[in-house]
> 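The structure is given below, and queries will be raised subsequently.
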Amino acid sequence: MKVVRTRGECAQARAELGLGTTVGFVPTMGYLHEGHLSLVRRAKTECAAAVASIFVNPTQFGPTEDLSTYPRDLDGDLAVLEQAGCDVAWLPEVADIYPPGFSTFVDVEGVTAVLEGARRPGHFRGVATVVAILLNVVRPTRAYFGQKDAQQTVVLRRMIEDLALGVDMVVAPTVREPDGLAMSSRNSYLDPAQRAAAVVLHRALQATRTAYAGGERDADRLRTAMTEVIAGEPLAEPDYVSVADPDSLAELATIDPARGALLSLAVRFGRTRLIDNVVLPPSR
Ligand code: AMP
């Protein structure tokens with residue numbers, strides 16, 4: 001596995017893979033877990049070469065968020081990337097991505113106004129900007145993202161299409177711990193009691209999915225069902241629960257089974273904020 005740092009080194013490594021080579025790209029912020037590695041392995045299975053980036057992107061963190069404490073383990077990350085079959089690991093510095101004078105940002109409108117975008121102003125501007133830069137340097141055939149960050153996939157799909165970035169987007173399923181908690185680098189912030197309590201996100205989503213499967217179509221009743229499960233966990237403070245259209249992310253009044261829905265939520269445990277979601281697929 002080749003390890004590169006600057007934009008120029010990464011572009012060079014990409015050129016050495018060959019113009020006609022299919023390249024699968026996995027952007028990450030590091031502290032890698034099975035969720036990330038499932039994307040790398042899939043990229044390697046579906047493409048001739050896999051490239052991963054590790055970059056804790058400052059522009060997607062709000063002023064009161066966890067940029068300075070975000071967990072890091074570069075040596076461990078490089079070892080597991082290599083095991084997963086990654087060909088090129090790109091580890092840029094902040095100044096490689098945002099050199100002096102940097103002043104161009106990507107703002108995706110509409111779908112960024114709700115859910116995470118409403119609670120984390122500027123977050124998706126930072127995400128879209130960095131992903132546009134990463135894609136332009138790596139020039140992958142396919143880019144791999146996790147369903148775990150559902151709104152991010154909607155925002156980036158829009159950007160890739162609107163800006164004609166010419167990359168196929170692949171969204172892979174959320175990888176979970178045995179008890180159902182979605183894997184996340186931020187799970188490392190949880191103390192043992194919070195870690196045990198954090199399974200409530202998955203339980204709330206499952207309860208709501210079961211209610212939907214049982215015929216419930218009223219979105220408010222489904223939101224209430226999610227809220228009630230979270231309320232049963234004293235360490236959990238709900239931020240939002242949502243039953244939204246899977247494409248527009250607009251909150252629904254009633255679920256149309258022909259369109260399905262995205263159930264999502266954000267819950268705080270002390271200073272740690274976790275998100276999760278499930279898709280209710282359209283039924284034919
Ligand atoms: P992050 O390092 O959190 O920015 O995540 C990098 C990529 O890994 C994003 O596309 C995430 O959606 C994806 N990812 C993070 N956690 C998971 C998970 N538990 N399952 C699947 N994909 C994930």
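Counting starts at 1 for both ligands and their atoms, in listed order.
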> Give yes or no for whether the N/O distance cutoff of 3.5 Å, strictly under, is met between S185 and ligand 1.
no
> Give yes if a backbone or side-chain nitrogen or oxygen of A172 is under 3.5 Å from a nitrogen or oxygen of ligand 1, and no if not.
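Checking ligand 1 against A172, no N or O pair falls under 3.5 Å apart.
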> Is there a donor in the side chain of E251 and an acceptor in the side chain of S242, or the other way round, less than 3.5 Å apart?
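The criterion, which ignores hydrogens and geometry beyond distance, is satisfied for S242 and E251.
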> Under 6.0 Å from the OH atom of Y31, do we count more than 12 heavy atoms belonging to anything else shown?
no
> When clusters are formed by joining ILVMFWY residues with side-chain heavy atoms under 4.5 Å apart, either directly or through shared neighbours, do L37 and L91 land in the same one?
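In one cluster with L37: L91, yes.
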> Under a 4.0 angstrom heavy-atom cut-off, which atoms of ligand 1 come close to F145?
10 (O)
> Between V26, I275, V175, N187, flag the one that comes closest to atom 20 (N) of ligand 1 by a heavy atom.
V175
> Which one holds for K148 and ligand 1: side chain close, backbone close, both close, or neither close, with close meaning a heavy atom under 4.0 Å?
side chain
> Report yes or no: does N277 contribute a side-chain atom to a donor-acceptor pair with the main-chain N or O of Q147 at less than 3.5 Å?
yes
> Please answer whether the main-chain N or O of V138 pairs with a side-chain N or O of R14 as donor and acceptor at a distance below 3.5 Å.
yes
> Give the residue and atom name of whichever protein heavy atom lies nearest to atom 5 (O) of ligand 1, and the separation in Å to one decimal.
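In this structure, atom 5 (O) of ligand 1 has H36 NE2, 3.4 Å as its nearest protein heavy atom.
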> Applying side chain to side chain donor-acceptor pair (under 3.5 Å), can you list everything that pairs with Q206, at least two apart in sequence or on another chain?
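Partners of Q206 by the side chain to side chain donor-acceptor pair (under 3.5 Å) criterion, ordered by chain and then number, come out as R209.
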> Which residue holds the protein heavy atom closest to atom 21 (C) of ligand 1, what is that atom called, and what is the gap in Å?
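The closest heavy atom on the protein side is P173 O, 3.4 Å.
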> Nearest to atom 4 (O) of ligand 1, what protein heavy atom do you find, and at what distance?
M29 CG, 3.5 Å
> Hey, which atoms in ligand 1 end up nearer than 4.0 Å to a heavy atom of L39?
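Counting from 1, the qualifying ligand atoms are 7 (C), 8 (O), 13 (C).
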> Strictly by modelled atom types, are E65 and Y70 linked by a side-chain donor-acceptor pair under 3.5 Å?
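No - no donor-acceptor pair under 3.5 Å links their side chains.
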> Does ligand 1 have any atom that is closer than 4.0 Å to a heavy atom of H33?
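Flag set, H33 near ligand 1.
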> For E93, does the CD atom sit with more than 12 other heavy atoms under 6.0 Å from it, leaving out its own atoms?
no
> Between G146 and ligand 1, does any nitrogen or oxygen pair lie at a separation below 3.5 Å?
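Yes, G146 has an N/O under 3.5 Å of an N/O on ligand 1.
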> Quick one: ring-ring contact (aromatic ring centres under 6.0 Å, His included) pairs with a partner in residues 102-140, sequence neighbours left out?
Y98-F102, F102-F105
> Where is the nearest protein heavy atom to atom 11 (C) of ligand 1: which residue, which atom, and how far?
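Answer for atom 11 (C) of ligand 1: D149 OD2, 3.1 Å.
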> Which atoms of ligand 1 are found less than 4.0 Å from any heavy atom of P27?
6 (C), 7 (C)
> With a cut-off of 4.0 Å, which atoms of ligand 1 are near a heavy atom of M183?
16 (N), 17 (C), 18 (C), 19 (N)
